[in-house]
Amino acid sequence: QVQLVESGGGLVQAGGSLRLSCEVSGRTVGSYVMGWFRQAPGKEREFVGGIGRNGALRNYADSVKGRFTISRDNTKNTVYLQMNSLAPEDTAVYYCAASSLVYVPTFTFRYNYWGQGTQVTVSS
C-alpha cells in the first residue's frame with residue numbers, strides 16, 4: 001500500500017515562504033513521477049508542478065514559475081515544494097501525488113496515489 005503524507009502547511013504573510021514535504025511509504029519514491037496540486041475553495045484541483053523520477057525533469061504551472069521549486073530526495077523517500085513570494089491567491093489545500101508514467105502529467109487522472117493534503121493560507 002503506497003501512502004503519501006504531506007506536511008509543512010500553515011499561515012504565512014504575503015511575500016513569505018513555506019516548504020512543503022511529501023513523504024512516501026510503501027514503495028520507494030524513485031519509482032514514481034511526483035506532482036503537486038492545489039485546490040482552493042470552490043475551484044477545481046489544479047496542477048502546480050511535477051518532477052521526474054531522477055529529478056532531472058521538472059514542470060511548473062505558469063502561475064508559480066520562478067516562485068516555486070520542486071525537489072526530491074529519493075534516499076529519504078521525500079519530495080519537497082519550496083514556495084517563495086507567496087501571495088493570497090496561493091491559498092489552497094496542497095496535495096502531492098504519485099504517477100507511474102515516465103513523463104510529468106498535469107491532469108489529476110494520470111496520478112495513481114494521493115496524499116491527504118495540507119492547508120496553506122497566505123494573508124495579505
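Residues: numbered from 1 along the sequence shown.
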Checklist outcome for this item: The reported gap from OG in S99 to CG in N112 (rounded to nearest 0.5 angstrom) is 5.5 Å

Checklist outcome for this item: Here the gap from S71 atom OG to R58 atom CZ, rounded to the nearest 0.5 Å, amounts to 6.5 Å

Checklist entry - Does the side chain to side chain contact (heavy atoms under 4.5 Å, CB included) test come out yes or no for M34 and L4, once each step is laid out? => result CA-CA 10 Å; M34 299 298 294; L4 286 67; 3.9 Å; yes

Checklist entry - Between N59 (side chain) and G49 (backbone), is there a donor-acceptor pair under 3.5 Å? => result no

Checklist outcome for this item: Of all heavy-atom pairs linking G115 and E6, the shortest is CA-OE2, 3.2 Å

Item to check | Donor-acceptor pair between S17 and N84 side chains, under 3.5 angstrom | outcome: yes

Checklist entry - If you take all heavy atoms of N54 and L57, which pair is closest and at what distance? => result OD1-N, 4.4 Å

Next on the checklist: Test side chain to side chain contact (heavy atoms under 4.5 Å, CB included) on T118 and V93; report intermediate values, then the result.
Outcome noted: CA-CA 5 Å; T118 186; V93 177; 6.0 Å; no

Checklist outcome for this item: Heavy-atom nearest pair, V33 first then G52, reads CG2-CA, 4.3 Å

Item to check | Shortest non-hydrogen separation from R27 to S31 and the atoms involved | outcome: NE-OG, 3.7 Å

Checklist entry - Between F68 and Y94, what is the ring plane arrangement, given parallel below 30°, perpendicular above 60°, and tilted in between? => result tilted

Checklist entry - Does D73 reach the main-chain N or O of T78 with its side chain, forming a donor-acceptor pair under 3.5 Å? => result no

Checklist entry - Do E89 and T91 get their side chains close enough for a donor-acceptor pair, meaning under 3.5 Å? => result no

Checklist outcome for this item: Tightest non-hydrogen contact, residues R110 and P105, listed as CB-CB, 3.3 Å

Next on the checklist: With a 4.5 Å cut-off on side-chain heavy-atom distances among I, L, V, M, F, W and Y, is there a chain of contacts connecting L81 to V12?
Outcome noted: yes

Checklist entry - Is the Lys NZ or Arg CZ of R19 less than 6.0 Å from the centre of Y80's six-membered ring, within 45° of the axis? => result yes

Checklist entry - Going hydrophobic residue to hydrophobic residue with side-chain gaps under 4.5 angstrom, can you get from M83 over to Y95? => result no

Checklist entry - Between atom CG of D90 and atom OG of S63, what is the distance when rounded to the nearest 0.5 Å? => result 7.5 Å

Checklist entry - For Q39 and F37, what are the C-alpha separation, side-chain angles and deciding distance, and is it a side chain to side chain contact (heavy atoms under 4.5 Å, CB included)? => result CA-CA 7 Å; Q39 188 166 18; F37 288 76; over 6 Å; no

Next on the checklist: Can a donor-acceptor pair be found, under 3.5 Å and without considering hydrogens, that links the side chain of R67 to the backbone of S85?
Outcome noted: yes

Next on the checklist: Can you see whether Y32 has R53 sitting over its ring - NZ or CZ less than 6.0 Å from the centre and within 45° of the normal?
Outcome noted: no

Item to check | is_close_aromatic(W36, F47), centroid dist under 6.0 Å | outcome: no

Next on the checklist: Please say yes or no: joined through hydrophobic side-chain contacts below 4.5 Å, possibly via intermediate residues, are Y111 and V64 part of one cluster?
Outcome noted: no

Checklist entry - So how far is it from I51 CD1 to C96 SG, rounded to the nearest 0.5 Å? => result 12.5 Å

Next on the checklist: Check this for me: F109, atom CZ, are more than 12 non-hydrogen atoms of other residues, nucleotides or ligands nearer than 6.0 Å?
Outcome noted: yes

Next on the checklist: Strictly distance-based, threshold 3.5 Å: is any side-chain N or O of R38 a donor or acceptor partner for the main-chain N or O of V120?
Outcome noted: no

Checklist entry - Given V29 and V79, is the side chain to side chain contact (heavy atoms under 4.5 Å, CB included) satisfied, shown in steps? => result CA-CA 8 Å; V29 71; V79 179; 3.8 Å; yes

Next on the checklist: Looking at Q119 and G9, would you say the former's side chain and the latter's main chain have a donor-acceptor pair under 3.5 Å?
Outcome noted: no

Checklist entry - For V5 and Q116, which heavy atoms make the closest approach, and how far apart are they? => result CA-OE1, 3.7 Å

Checklist entry - So does E23 have more than 12 non-hydrogen atoms from other groups sitting under 6.0 Å from CD? => result no

